[in-house]
Amino acid sequence: MEYSTENLQKLISFYKSDIQNGLLLDLVEEHRQKWGENRFAEPKKESILAKIKNHLLEMMNLVLLFVAALSAYLAFLNDQNYIKTIVVLLIIIINIAVSMFQENRAETALSALKKMASPTSTVIREGKKSKVPSTELVCGDIIAIKAGIQIGADVRLIEASSLQMDESSLTGESEPISKDANFVSTDKIPLGDQLNMVFSGTNVLNGTGKCLVVAVGNQSQMGQIASLLENQSKEKTPLQKRIDSLAKRLTIIAFIAGIIIFIVNYFLNDIPVLDNLMTAVVLGIAAVPETLPVIVTLSLIYGVENMAKQNAIIRNIPSVETLGNATIIASDKTGTLTQNKMTIKNIWHKARNEWTSGPLSDDEQKLIQYFGYASNASAQETNGKWEVYGEPTEAAIINFLIDHHLYKPETAPKRLIELPFDSTRKKMTVVLADKIENQYLVITKGAFDRFVSTDKKAQRIHDQFADKALRVLALSYKKINTIPEQLSELEENQNFLGIIGMIDPPRPESKIAVKEARQAGIRPLMITGDHALTAKAIAQELDIYREGDKVIDGSSLSALTDEQLDKQLDKISVYARVSPEDKLRIVNAWQARGEIVAMTGDGVNDAPSLRAADVGTAMGIAGTEV
């Protein structure tokens, strides 16, 4: 069922719920049995003996076991010591111990996901509100949400007021999402565009809402990621595959050499059969490099230490060598290639030309100061370093003021009234006390299309900003002598002042890294949950996207069969608005071609593809532990 496109009343009826009173208590257990508990399914844990058995069946270990058995047999026949047998068995034990130590990451990933689950939820049952552990939520529950809480299940919005969500844990994109309970879509759309849905593990930044629980546990979006993680099979690295191949070849060579030696001695030399057999076996054993696994491990550990000096922690030792063989680097955008920090790039005051760098004019200073007055972000200086608090868009304004030495909260006019941002008006308004002119200063900021302006130049500048994938905010103001009784009148008859354009800029080192990757024969790709226009702009700046390349979004990707995708792989350099399943599919498609894929990312949504890739590189702090 597509919860975002289904009629809300049908969903409520389907789950036998009620908007005002919620579920009847008698139905709670019935729904839990029917649609499952709100917990991630526990993977069946492999016993220690089973793990040891699996490692013993690896080719190199089988060869070493064979060598140990033969050396023990020869030592027994010749009444010699068993030093060689003991050494070989110790090597096997060391190999298995190191491998088992590395395998704990699977269980760690699932436990990290569990930590991201909301501890409690406010639920309405039989008309009464109560707080319950989120693990007790069932499909059909009606829950109330507000700023500061984490969502405990996937829910469809029934009503919402100024509701803004942080979905970065799921989509990887840090920009707040304004939700709308009245949003209607008849087509399947990416998660980030489902404005009438709120997902498990995401956080409420602003506003309130009432919601219908539609998916719990492994059926939720976060649960589906957990399932993808659980179902990932453990692939051997290229180095491990080559060692296995070498072990097979050496075994065959040793076996053939032993037969040849036995035959030659049998027909050309007068040697007893038992002694002849012993000689053939000893020479065959000598051809097997028993210490190869230890030597390889020690060499890789040296590489791990060198990487640690570069602040890269290697969890799976053979990955050091695999990274050196990578032919494809598929990277997330936000927080990986970019700074995950919205930054003002362009300013346009209606009386000025466009500003992109350098000192600000008086008009531009006034415009940006007004934006600061109408922002709820704040900053605190500690030991000469500023810490900015607030949602990314408003934090970008405060950071800009700080960078241009204009942030002076102690001299800012006092805020008297605030009309908060909501998804219908797409703007916010503040009323300030103008002590100098003994008037009230009214400032409104928001989406450009919500400001009445017939200025063709303003529209042209806005379009230029949008073409650069900048997020545009507009501002207007007026001065009044008295505050009207109807506060909605505050936003009428204002003077349009200008716009600012902001973007999450690339990291300074990203362009250099992409250039070096291309020079090394590695193809860089961008895989992101962000919009196609923004993704293309950043990819073009970093030289990931080149003339003639393609950008494809999640919806278009889903419409392609695996054969169609394979034909277009070489042309596509940017994948936008994709889901965790899409990322996994892209990685698998390149691997099917025999490419060694390195995947980088910093969010929970990247976790399945990070594990599926030949090398998964987790960056930043948002979901990295997963």
So how far is it from [X] [atom1] to [Y] [atom2], rounded to the nearest 0.5 Å?
X: L406; Y: L360; atom1: CG; atom2: CG; value: 6.5 Å
X: T528; Y: D553; atom1: OG1; atom2: CG; value: 12.0 Å
X: F400; Y: Y407; atom1: CZ; atom2: OH; value: 15.5 Å
X: T202; Y: Q221; atom1: OG1; atom2: CD; value: 11.0 Å
X: D530; Y: I538; atom1: CG; atom2: CD1; value: 8.5 Å
X: L205; Y: I149; atom1: CG; atom2: CD1; value: 11.5 Å

For this session: Give the C-alpha distance, both sets of side-chain angles, the deciding distance and a yes or no for side-chain contact (heavy atoms from CB on, under 4.5 Å) between L584 and L228.
Result: CA-CA 9 Å; L584 191 59; L228 287 173; 3.8 Å; yes
Within a 6.0 Å radius of atom [atom1] on [X], are there more than 12 heavy atoms belonging to other residues, nucleotides or ligands?
X: K511; atom1: NZ; value: no
X: K427; atom1: NZ; value: yes
X: N353; atom1: CG; value: no
X: E547; atom1: CD; value: no

Between [Y] and [X], is there a salt bridge with N-O shorter than 4.0 Å?
X: R518; Y: D543; answer: yes
X: E394; Y: K445; answer: yes
X: D566; Y: R593; answer: yes
X: D193; Y: R577; answer: yes
X: E354; Y: K457; answer: no
X: K350; Y: D363; answer: no

Counting distance only, does the side-chain N/O of [X] pair as donor-acceptor with the main-chain N or O of [Y] below 3.5 Å?
X: T327; Y: I596; answer: yes
X: Q591; Y: V597; answer: no
X: N218; Y: Q224; answer: no
X: R523; Y: A330; answer: no
X: R352; Y: S361; answer: no
X: S510; Y: P506; answer: no
X: N203; Y: D166; answer: no
X: T336; Y: K333; answer: no
X: K179; Y: M197; answer: yes
X: N399; Y: A396; answer: no

[X] vs [Y] side-chain heavy atoms within contact, under 4.5 Å:
X: L525; Y: I328; answer: yes
X: F421; Y: N206; answer: no
X: R546; Y: D549; answer: yes
X: F40; Y: M222; answer: yes
X: V388; Y: I402; answer: yes
X: L470; Y: K345; answer: yes
X: T343; Y: D504; answer: no
X: I368; Y: I344; answer: yes

Exercise. Hey, does the Lys NZ or Arg CZ of K583 hover above the aromatic six-ring of Y575, less than 6.0 Å from the centre and inside 45° of the axis?
Worked result: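 No, K583 does not sit over the ring of Y575.
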For this session: Could you give me the CA-CA distance, side-chain angles and deciding distance for M599 and S331, then say whether side-chain contact (heavy atoms from CB on, under 4.5 Å) is met?
Result: CA-CA 6 Å; M599 174 76 192; S331 178; over 6 Å; no
Exercise. Between S609 and D606, is a side-chain hydrogen bond (donor to acceptor under 3.5 Å, both in side chains) present by the stated rule, with each step listed?
Worked result: CA-CA 6 Å; S609 50; D606 299 310; 4.9 Å; no
Exercise. Is there a side-chain contact (heavy atoms from CB on, under 4.5 Å) between I499 and H462 once you walk through the steps?
Worked result: CA-CA 8 Å; I499 60 176; H462 166 270; 4.3 Å; yes
List the atom of [X], the atom of [Y], and the distance in Å for their closest heavy-atom pair.
X: L367; Y: I347; value: CD2-CG2, 3.7 Å
X: A466; Y: L533; value: O-CD2, 3.3 Å
X: A326; Y: A598; value: CB-CB, 4.2 Å
X: R242; Y: N325; value: NH2-ND2, 3.7 Å
X: P176; Y: E391; value: CG-OE1, 3.1 Å
X: A576; Y: A532; value: CB-CA, 3.5 Å

For this session: For the pair D154 and S220, evaluate side-chain hydrogen bond (donor to acceptor under 3.5 Å, both in side chains) and give the outcome as yes or no after the intermediate values.
Result: CA-CA 6 Å; D154 286 2; S220 68; 4.6 Å; no
For this session: In sequence, state the C-alpha distance, the side-chain angles, and the governing distance for E167 and F199, and then conclude on side-chain contact (heavy atoms from CB on, under 4.5 Å).
Result: CA-CA 8 Å; E167 295 185 346; F199 303 102; 3.9 Å; yes
